[in-house]
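Naming: A, B, ... by sequence-line order, numbering from 1 per chain.
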Amino acid sequence: VSRVVIVTGASRGIGLATARRFLAAGDEVIAVARPSGALRDATKTIQHEGFSWVVVEADVGNPRAIRQAVALAAGLGPIEVLVNNAAAQILVSVEELPVSEWNAIVNTNLTAPFLLTKAVVPHMKDNGKGSIVNIASVGALFGPPQAAAYGATKAALVNFSQALAAELIPHSIRVNVVSPGMTHTDMGRSVTRSYRETAGLPEDEFISSLQGRWIDPAEIAEIVFWLSSPEASGVSGAHVVADLGKTTRLATPPDLEPRPPQRRRHSGAG
Amino acid sequence: MNEAAAASAALLGVARSLASTCIGTGVTVNTLAVGFVDDSADLQLLEALGTRQERLLQRDEVSAALLFLLSDASSALNGAVLPVDLTLSGRL
């Protein structure tokens, strides 16, 4: 059965992989993304795969774009799924972060999901069901240096998702939030580039020491897709940390990586 | 009840520790945190605790989540906790 799905930030990375996952399942996708070469390429890619989507070419932080996306989606049928994926980030210290950039990041990462949620929930209530999946980050779990605004908005998005989940469970609308670790996307690669330069390591070695390997955007898309499916009918308010285990470890600079256990000579009798 | 809570918390710790040693091996260790299921033991417990869950979970809702954790679809999850509890653990 085809569902109507809204995905923001669908031109690249996790958003694009997620849109493709829903399209592959036969769902109708309304893709919200800023006009860009990436968006044109993405549209070509999915057409080449034999699919089509409805594109709303606008910044998700623009309330008019949100109204347009929801109106278009509602025209296709009952809106069943909302994936708030679009995110903004710049790497700069708190001291040097201009308030205009702070506001822009809060607007894209937090206010846009809030406004889209407000616009979509009445439709989901009318339909008697729905699923919202928000994309946060492992940056929500600790204070990411040089990315304080990003981390703060992602932590807020986790909290927002859980509050929303509690509000909407009586209406059979489920809300979950996924926090990906380092994912092989433009954003993931640019963050990694800056961190690994500090560590003085090649990219692959840095990622390997951090979390074993890159996460493919399609792996996050699988989790989002499952959470939105009827299979996950018992799951709401879940914060799913998808980071290959990275945050089970304390921060480990590469030179402190665990080595094979060494036989230790104990002093004393025995 | 305190003992069961402590044991469950310890299980999470063991799972996270195992998960951390499994990073990069292709083996993943995750935890399912299950709410109240539609059976007599959970009904009794729910009443004894005075906790409110939106509705009781069906067993196939729990097994569906378990199968997800065991499938390739969850390949990015390691050391994760997946609550199947209709928001119970995420609210005050």
Side-chain angles (χ1 to χ4, degrees), chain A residues 21 158-159 161-172 174-181 183 207-227 229-250 252 257-258, chain B residues 12-38 42 51-92:
Chain A
R21 182 65 187 86
V158 171
N159 195 291
S161 304
Q162 289 180 323
L164 186 65
E167 285 184 15
L168 294 179
I169 190 82
H171 302 280
S172 301
R174 297 181 299 104
V175 183
N176 294 291
V177 54
V178 180
S179 280
T183 308
I207 280 295
S208 165
S209 72
L210 192 74
Q211 60 180 35
R213 62 172 174 84
W214 281 106
I215 299 168
D216 191 285
E219 294 180 274
I220 304 301
E222 283 296 335
I223 296 166
V224 174
F225 183 78
W226 185 80
L227 286 171
S229 77
E231 293 284 291
S233 59
V235 183
S236 189
H239 177 202
V240 181
V241 179
D243 68 349
L244 303 171
K246 191 239 171 279
T247 52
T248 61
R249 285 182 179 168
L250 296 173
T252 46
E257 267 303 285
Chain B
L12 285 183
V14 170
R16 285 170 59 81
S17 177
L18 271 176
S20 80
T21 61
C22 287
I23 291 173
T25 65
V27 177
T28 61
V29 183
N30 295 295
T31 306
L32 204 60
V34 184
F36 296 96
V37 183
D38 192 6
D42 271 16
T51 307
R52 201 172 52 85
Q53 186 173 281
E54 187 58 27
R55 59 173 170 80
L56 290 170
L57 290 157
Q58 298 303 306
R59 289 176 194 195
D60 61 356
E61 295 183 291
V62 179
S63 58
L66 186 61
L67 289 172
F68 168 67
L69 288 182
L70 294 171
S71 75
D72 288 345
S74 65
S75 55
L77 299 187
N78 182 35
V81 181
L82 181 62
V84 186
D85 66 2
L86 303 163
T87 73
L88 188 66
S89 61
R91 59 203 297 177
L92 292 170

Donor-acceptor contact below 3.5 Å, side chain B/Ser17 vs main chain B/Val14: no

Counting N and O atoms only, with roles assigned by atom type, does the side chain of A/Thr183 sit under 3.5 Å from a partner on the main chain of A/Gly181, one being a donor and the other an acceptor? yes

With chain B, the option among A/Gly234, A/Ala242, A/Ser161 that has the most non-hydrogen atom pairs under 4.5 Å is A/Gly234

Under 4.5 Å from a heavy atom of chain A, the part of B/Leu86 involved: both

Please classify the contact of B/Thr28 with chain A as side chain, backbone, both or neither, using a heavy-atom distance under 4.5 Å. neither

Checking B/Val62 against chain A: side chain, backbone, both or neither under 4.5 Å from a heavy atom? neither

Given heavy-atom pairs under 4.5 angstrom as the criterion, report whether the side chain, backbone, both or neither of A/Ala165 touches chain B. both

Donor-acceptor check, side chain of B/Thr87 to backbone of A/Ala166, threshold 3.5 angstrom: yes or no? no

Counting heavy-atom pairs under 4.5 Å with chain A, which one of B/Ala76, B/Ala15, B/Gly24, B/Ala33 comes out on top? B/Ala76

Here the gap from B/Thr21 atom OG1 to A/Arg249 atom CZ, rounded to the nearest 0.5 Å, amounts to 8.5 Å

Working for side-chain contact (heavy atoms from CB on, under 4.5 Å), residues B/Val84 and B/Leu66: CA-CA 10 Å; B/Val84 186; B/Leu66 186 61; over 6 Å; no

Donor-acceptor pair, side chain of A/Arg174 and main chain of A/Ala232, under 3.5 angstrom: yes

Looking only at A/Ile215, A/Val235, A/Ile169, the option with the highest number of non-hydrogen pairs under 4.5 Å against chain B is A/Ile169

If you count heavy-atom pairs within less than 4.5 Å of chain A, which of B/Ser71, B/Pro83, B/Cys22 leads? B/Pro83

Counting N and O atoms only, with roles assigned by atom type, does the side chain of B/Asn30 sit under 3.5 Å from a partner on the main chain of B/Asn78, one being a donor and the other an acceptor? yes

Tell me, out of B/Ala80, B/Gly79, B/Ala73, who's got the most heavy-atom pairs with chain A below 4.5 Å. B/Ala73

Contact class of A/Thr247 relative to chain B, heavy atoms under 4.5 angstrom: backbone

